[in-house]
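Here's the structure, in structure tokens; my notes come after.
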There are 2 protein chains.
Amino acid sequence: MSTSSHVTIEDVARAAGVHPATVSRALRGIAGKVSAEKRAEIQRIAIEIGYQPNFVAASFRTKQTNLAAIVVPDLSNPLFGPIVQGLERALRQQHLLSLVVQTPEEPTERRDLVHALAGRQVSGLLVLAAESSDLMLQAAKERGLPTVLVNRGSGDRHFSSVVNDDRESVRLVVAHLQALGHCAIAHISGPSASSTGRARREAFEDRTRALGPKADFPIQEAAAFTRSAGQAAARVLLKRRPTVTAIFAANDLIALGVLDVLRERGIRVPADMSLVGHNDMPLVDLIDPPLTTVRVPVEQMSEQAAQLFLEHLARADLPVSTRVLMPTFVERLSTGRPTRR
Amino acid sequence: MSTSSHVTIEDVARAAGVHPATVSRALRGIAGKVSAEKRAEIQRIAIEIGYQPNFVAASFRTKQTNLAAIVVPDLSNPLFGPIVQGLERALRQQHLLSLVVQTPEEPTERRDLVHALAGRQVSGLLVLAAESSDLMLQAAKERGLPTVLVNRGSGDRHFSSVVNDDRESVRLVVAHLQALGHCAIAHISGPSASSTGRARREAFEDRTRALGPKADFPIQEAAAFTRSAGQAAARVLLKRRPTVTAIFAANDLIALGVLDVLRERGIRVPADMSLVGHNDMPLVDLIDPPLTTVRVPVEQMSEQAAQLFLEHLARADLPVSTRVLMPTFVERLSTGRPTRR
DNA sequence: TTGTAAGCGTTATCAT
DNA sequence: ATGATAACGCTTACAA
């Protein structure tokens, strides 16, 4: 009935002829603490006079905001959308709301951001694709914020994390290309500043060591996990090692950049060059040619991350842990047998 | 120096030998209210003893949370990622943090969600792709929450909004197809429950009225703005009107669904059928064939929406307004001249 | 089961 | 320019 009001618990108490504390208990339905009939009466009156709880006041008092901060590098990246989606959904089911912020470029800004979030008393942080060396994460640790890393490991084991099994990813890719008959396979790695970049690169080195001379398995580092960095890296690689017959890109965006360059040079995929991505982002099944890639179990990742996060909230001294998720290989049309050239 | 602390303004005041109120003023840098030297001293001490402001307490006191709620149907939709990205960035520049929530299916849940957000005293709502008839928006109005609709209009003019000029979009598409020589053009419309769906559909009807018999410009409604709804609608359309030579889909996802069906039937694009989407989502330039579409100015949209939102926050009685953004046509390879059949 | 009273940390108003 | 005081709305010991 009432419009946007300032009806407080005290008003309800007055109207119901009870003490504010009783209203508080009744409204929160604290079991066995208030008689059923009184509770019903209080609830009725609360609605009648248009009471609306003030969660900020409650947060202030209880020091519980039930707010999770999700820190994501770039919401326009099609990989992160689904992850944030899964996180937000899982958290909300547990009555947590999600404060979503995008990682600033500047390390000091990142650090300040964490302090701003801590100042808002967020319950904790879910950080996508950040390195544990990040100033941001240092700040989180200093402030004692429960933190879970998503899609990046914590080499120093300072943070709990949920990651893809990159060794398995590489194993799947290399086995596939080998089975097709490829003997010279390049890897366009992610930036070595990134644990994911390093992990896939090292796994690639390990896997290919036994297979032949290093020159047949060149590695070219991309400056970032982006389409344009993929283009740049592809140009360098093709100049350095024009004879490779297959390229494994550290992620799908890099693969798209590689594809741009192959196209502009008239190198056909997969006839002249096989190409494999990583992540199975939305829509890569529709590009030309449909991209062979490795699917990261995104749903599991967000679910597990949310769950791990909640466990950390529930138990401040929960030991750091890493959950490793199994990827699956997705064969499409960007890979094929190598042709003699 | 200190670990996660509970140092309050009062502690700083004690350490500095001043009154808490003075510390508060000094720390917020209230101009001309505290002597420069005292301020410097207080700031020094605050840092020294590890004071960290408690924003929840401040919010509680001032009733200003500086929190914007962004309500989005589906974060995994590649169109919304960039919009949310733009909103979050623009808002943060103005010192607002973004609470991102995904729209529940159930109308009552949506309503409850708004009440939950209001209970957290969010400054206002930015709502993506919701109809003004939505229970959610009714609730927002009841609660007096400043609200801006993004990418949907408010037919009843109850809410401010930022939208694409759908008439212009349709004009661009129809003109393009006509210029290519198409005489039988189908429109797969968005759900008629959506203002965008209706707007594009009506514009299509208006545009084509003069061009020929209605039978040559059939409209098939998709149940949702999704790939699978596009598939279903395409199947019905092809059965109803197998002779159309071009299809204009109400958005890119629907177009992708149409493409799936055309492929499975061996209908070539654009040789046998021209296809146009809408929105120019990320990656649609890479599908096979690259999709001709209409680009919605996403950056402008989020900027304008954020700005309009801030204006509403600043002035509670700001009149409702609509900002209409001009789309641009993006010609790629999914459209061509019709071939005789 | 219910009432009492204190207090969370900050800021705004008023007085000095 | 600074200090004193009260108040924001709620929850939680503790007492009854």
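Lettering of chains follows the sequences in order, A, B, ..., and the numbering in each one begins at 1. What's counted below: heavy atoms across the whole structure, side chains too, no hydrogens, waters or symmetry copies. The structure presented is a predicted model; accordingly, all values stated were derived computationally and were not measured.
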TODO: For B:E41, enumerate each residue passing the salt bridge (charged side-chain N to carboxylate O under 4.0 Å, His left out) test, keeping only those at least two apart in sequence or located in another chain.
DONE: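 Counting only residues at least two positions away or on another chain, B:E41 forms a salt bridge (charged side-chain N to carboxylate O under 4.0 Å, His left out) with B:R44.
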- [ ] Quick one: list whatever passes side chain to side chain contact (heavy atoms under 4.5 Å, CB included) with A:T8, sequence neighbours left out.
- [x]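 So A:T8 forms a side chain to side chain contact (heavy atoms under 4.5 Å, CB included) with A:E10, A:D11.
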Task: Contacts of A:A16 that satisfy side chain to side chain contact (heavy atoms under 4.5 Å, CB included) - sequence neighbours left out - done: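 Per chain and number, A:A16 pairs via side chain to side chain contact (heavy atoms under 4.5 Å, CB included) with A:V18, A:I42, A:I45.
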Open item on the list: I'd like to compare against my own output: the B/S/- annotation of nucleotides 11-16 of chain C with a strict under-4.0 Å heavy-atom distance to protein.
Closed with: BBB---
Open item on the list: I'd like to know whether CD of A:E299 has more than 12 heavy-atom contacts from other residues, nucleotides or ligands below 6.0 angstrom.
Closed with: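 Check fails, neighbour count at 12 or below.
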- [ ] Please answer whether the main-chain N or O of A:S132 pairs with a side-chain N or O of A:S154 as donor and acceptor at a distance below 3.5 Å.
- [x]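 Not a single qualifying donor-acceptor pair exists.
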Short side-chain N/O contact from [X] to OP1 or OP2 of [N], under 4.0 Å:
| X | N | result |
| --- | --- | --- |
| A:S59 | D:dC10 | no |
| A:T22 | C:dG3 | yes |
| B:K38 | D:dA1 | no |

Task: Stacking check A:F60 vs D:dC10 (5.5 Å / 30 deg) - done: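 Check failed, A:F60 does not stack on base of D:dC10.
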- [ ] Could you check how far CD of B:Q121 sits from P of D:dC10, rounded to whole Å?
- [x]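 Rounding to the nearest Å, CD of B:Q121 and P of D:dC10 are 9 Å apart.
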Task: Partner residues of B:H115 under the side-chain hydrogen bond (donor to acceptor under 3.5 Å, both in side chains) criterion, sequence neighbours left out - done: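 Result, side-chain hydrogen bond (donor to acceptor under 3.5 Å, both in side chains) vs B:H115: B:R143.
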- [ ] Specify the angle, to 10°, made by the local axes at the two ends of the helix from C:dT1-D:dA16 to C:dT16-D:dA1 when five pairs are taken at each end.
- [x]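 For the helix from C:dT1-D:dA16 to C:dT16-D:dA1, the axes at opposite ends meet at about 30°.
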Task: Polar contact flag, side-chain donor to acceptor under 3.5 angstrom, A:R157-A:T322 - done: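 A donor-acceptor contact under 3.5 Å links the two side chains.
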Open item on the list: Strictly below 4.0 Å, N to O, side chains only: are A:R315 and A:E311 in salt-bridge contact?
Closed with: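 Not counted as a salt bridge, because no side-chain N and carboxylate O are separated by less than 4.0 Å.
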Open item on the list: Under 4.0 Å, heavy atoms only, any strand: does B:V18 hit a base, just the sugar-phosphate, or nothing?
Closed with: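 Touches sugar-phosphate only.
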